[in-house]
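Note that the structure is predicted; figures quoted are calculated from it, not measured. These values consider heavy atoms only, across backbone and side chains, with no hydrogens, waters or symmetry-generated copies.
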Amino acid sequence: MRDNERVTSAIREPETPAATTPPRLIATDLDGTLLRDDKSVSPRTVAALAAAEEAGIEVFFVTGRPARWMDVVSDHVHGHGLAICGNGAAVVDLHGGPGAHRFVKVRELPRNNALVAVGLLRDAAPGTVYAVEQTYGFYQEPAYPKLHMEVPDDLAPAEDLLADGSPAAAEPVLKILAFHPEMEPDAFLTLARLAIGDRATVTRSSPSALLEISGPDVSKASTLALCCAERGISHEQVVAFGDMPNDVEMLTWAGRSYAMGNAHPDVLAAASGRTIANNDDGVAVVIERLLNGRT
């Protein structure tokens with residue numbers, strides 16, 4: 001397998017850890033995990049999610065996506081309708097539908113931390129360009145590539161975008177996106193983590209050299225743990241699914257976790273079990289087995 005390419009797998013029964021505690025919550029990543037590569041949710045997966053909720057198991061979508069990109073699953077929310085977005089930076093109520101979501105919890109990246117992280121990474125990896133993800137706004141540097149199908153609210157150097165007096169200062173910063181046009185993705189991630197240290201959380205979910213920088217200790221796992229604690233759900237009662245480095249902490253935290261057949265090597269090492277690839281409905285296969293008492 002070449003680094004950072006998708007891993008394909010034949011359709012097969014997933015490997016599963018021994019079941020000990022009945023699940024109360026399913027936490028699933030979206031891209032590369034629940035969604036097929038064409039960004040659709042298969043009928044089998046829709047049915048599995050609905051069956052889990054019918055059985056009294058909550059389903060949380062836990063993603064690096066911003067809230068405004070959640071239309072791909074907004075038709076499939078059941079019960080509480082909550083999602084964890086921005087790698088843990090926000091908990092969002094999706095009941096209002098696209099464009100009408102409500103932020104339930106925001107774990108922002110302090111602007112000073114963001115400015116320090118940008119400066120440290122500029123020094124460590126010259127040529128890095130940035131975008132700023134906020135609760136509703138999206139801003140980028142002029143040289144930042146068109147990686148997202150949207151028009152930025154403003155173009156300016158990251159330092160100006162993050163300044164207290166900038167037009168974007170009224171909204172919390174959820175994360176910084178850092179792109180390097182030449183570095184190998186995992187090498188860029190390692191370099192950034194060393195350069196930034198504990199001033200921010202650095203991860204990645206893209207196959208390109210695109211990093212996601214959140215507030216200190218903000219991750220999918222830490223926000224999911226907060227949501228579970230509010231519901232009296234222990235980590236042993238959580239089943240989690242993922243495929244990329246931004247899922248590692250969540251998969252390690254959950255009582256049972258599954259790496260997709262197309263997962264990054266770090267995810268394969270972190271998860272307690274494996275399932276088949278996202279295009280083969282790997283999440284649905286495990287949910288069906290859970291509901292049938294076969295895991």
Side-chain angles (χ1 to χ4, degrees), residues 21-35 41 45-98 101-107 174 203 205 214 218-244 246-260 267 270-273 275 278 281-284 286-288 290-291 295:
T21 305
R24 290 184 56 193
L25 186 142
I26 291 169
T28 179
D29 173 51
L30 294 181
D31 296 282
T33 300
L34 189 80
L35 304 181
V41 185
T45 297
V46 171
L49 296 175
E53 293 270 7
E54 181 67 24
I57 303 172
E58 291 193 61
V59 176
F60 264 65
F61 301 124
V62 188
T63 178
R65 285 179 173 234
R68 64 184 179 278
W69 288 8
M70 294 300 288
D71 57 305
V72 292
V73 291
S74 59
D75 291 338
H76 310 301
V77 297
H78 307 279
H80 56 79
L82 297 179
I84 295 172
C85 297
N87 291 326
V91 181
V92 182
D93 186 340
L94 302 178
H95 276 128
H101 49 262
R102 178 175 66 89
F103 285 90
V104 176
K105 187 190 301 291
V106 173
R107 304 182 68 197
L174 298 186
T203 190
S205 60
S214 305
V218 173
S219 68
K220 289 185 176 186
S222 61
T223 301
L224 179 60
L226 291 173
C227 292
C228 287
E230 293 169 354
R231 290 160 175 74
I233 297 173
S234 69
H235 73 95
E236 292 93 347
Q237 296 171 308
V238 176
V239 180
F241 299 87
D243 73 306
M244 286 295 282
N246 63 329
D247 297 313
V248 166
E249 293 87 355
M250 178 175 72
L251 298 177
T252 303
W253 177 82
R256 274 179 279 181
S257 58
Y258 295 85
M260 306 305 293
V267 174
S272 58
T275 186
N278 62 316
D281 300 326
V283 172
V286 174
I287 292 175
E288 292 163 0
L290 286 170
L291 297 178
T295 62

Exercise. Quick one: closest heavy-atom pair of Thr21 and Arg256, and the distance?
Key: O-NH2, 2.5 Å
Quiz item: How about Asp29 and Met244: do any of their side-chain heavy atoms sit closer than 4.5 Å?
Solution: no
Quiz prompt | Leu82 side chain near Val92 side chain, heavy-atom distance below 4.5 Å | solution = no
Practice problem: List in chain and number order the residues that pass side chain to side chain contact (heavy atoms under 4.5 Å, CB included) with Arg24, two or more places apart in sequence or in another chain; answer none if no residue qualifies. | Solution: Ile233, Gln237
Exercise. Please confirm whether the backbone N or O of Val62 pairs with a side-chain atom of Lys220, one donor and one acceptor, at under 3.5 Å?
Key: yes
Quiz item: Between Cys228 and Leu25, is any pair of side-chain heavy atoms under 4.5 Å apart?
Solution: yes
Self-check item: Shortest non-hydrogen contact from Val248 toward Ala270
Solution: CG1-CB, 3.9 Å
Quiz item: CZ/Phe60 to CZ/Arg231 distance, rounded to the nearest 0.5 angstrom?
Solution: 4.0 Å
Exercise. Using the side chain to side chain contact (heavy atoms under 4.5 Å, CB included) rule, pick out the option among Leu251, Val267, Thr28, Asp247 that qualifies with Phe241.
Key: Thr28
Quiz item: So, does Thr63 use its side chain to make a donor-acceptor pair with the main chain of Cys85 at under 3.5 Å?
Solution: no
Practice problem: Mind listing the closest non-hydrogen atom pair of Trp253 and His235 along with its distance? | Solution: O-ND1, 3.1 Å
Quiz item: Rounded to the nearest 0.5 Å, what separation is found between the OG1 atom of Thr275 and the CG atom of Asp243?
Solution: 12.0 Å
Quiz item: Any idea which heavy atoms bring Met260 and Gly282 closest together, and the distance?
Solution: CE-CA, 3.9 Å
Exercise. Output the distance between atom CD1 (Ile84) and atom SG (Cys227), rounded to the nearest 0.5 Å.
Key: 4.0 Å
Quiz item: Are Leu34 and Leu49 close enough, and set up right, to give a side-chain contact (heavy atoms from CB on, under 4.5 Å), and what steps lead you there?
Solution: CA-CA 10 Å; Leu34 189 80; Leu49 296 175; 4.2 Å; yes
Self-check item: NZ-CG distance between Lys105 and Leu226, expressed to the nearest 0.5 angstrom
Solution: 5.5 Å
Quiz item: Where do Gly32 and Asn278 come nearest, in terms of heavy atoms and distance?
Solution: O-CB, 3.3 Å
Quiz prompt | Expected output: side-chain Glu53 to main-chain Val59 donor-acceptor under 3.5 Å | solution = yes
Quiz item: Any side-chain heavy atom of Arg65 sitting closer than 4.5 Å to one from Met70?
Solution: yes
Quiz item: Taking all atoms of both residues into account, what is the closest heavy-atom pair of Ile26 and Ala52, and its distance?
Solution: CD1-CB, 3.9 Å
Quiz item: What do the steps show when you test Val239 against Ile287 for side-chain contact (heavy atoms from CB on, under 4.5 Å), and what is the final call?
Solution: CA-CA 9 Å; Val239 180; Ile287 292 175; over 6 Å; no
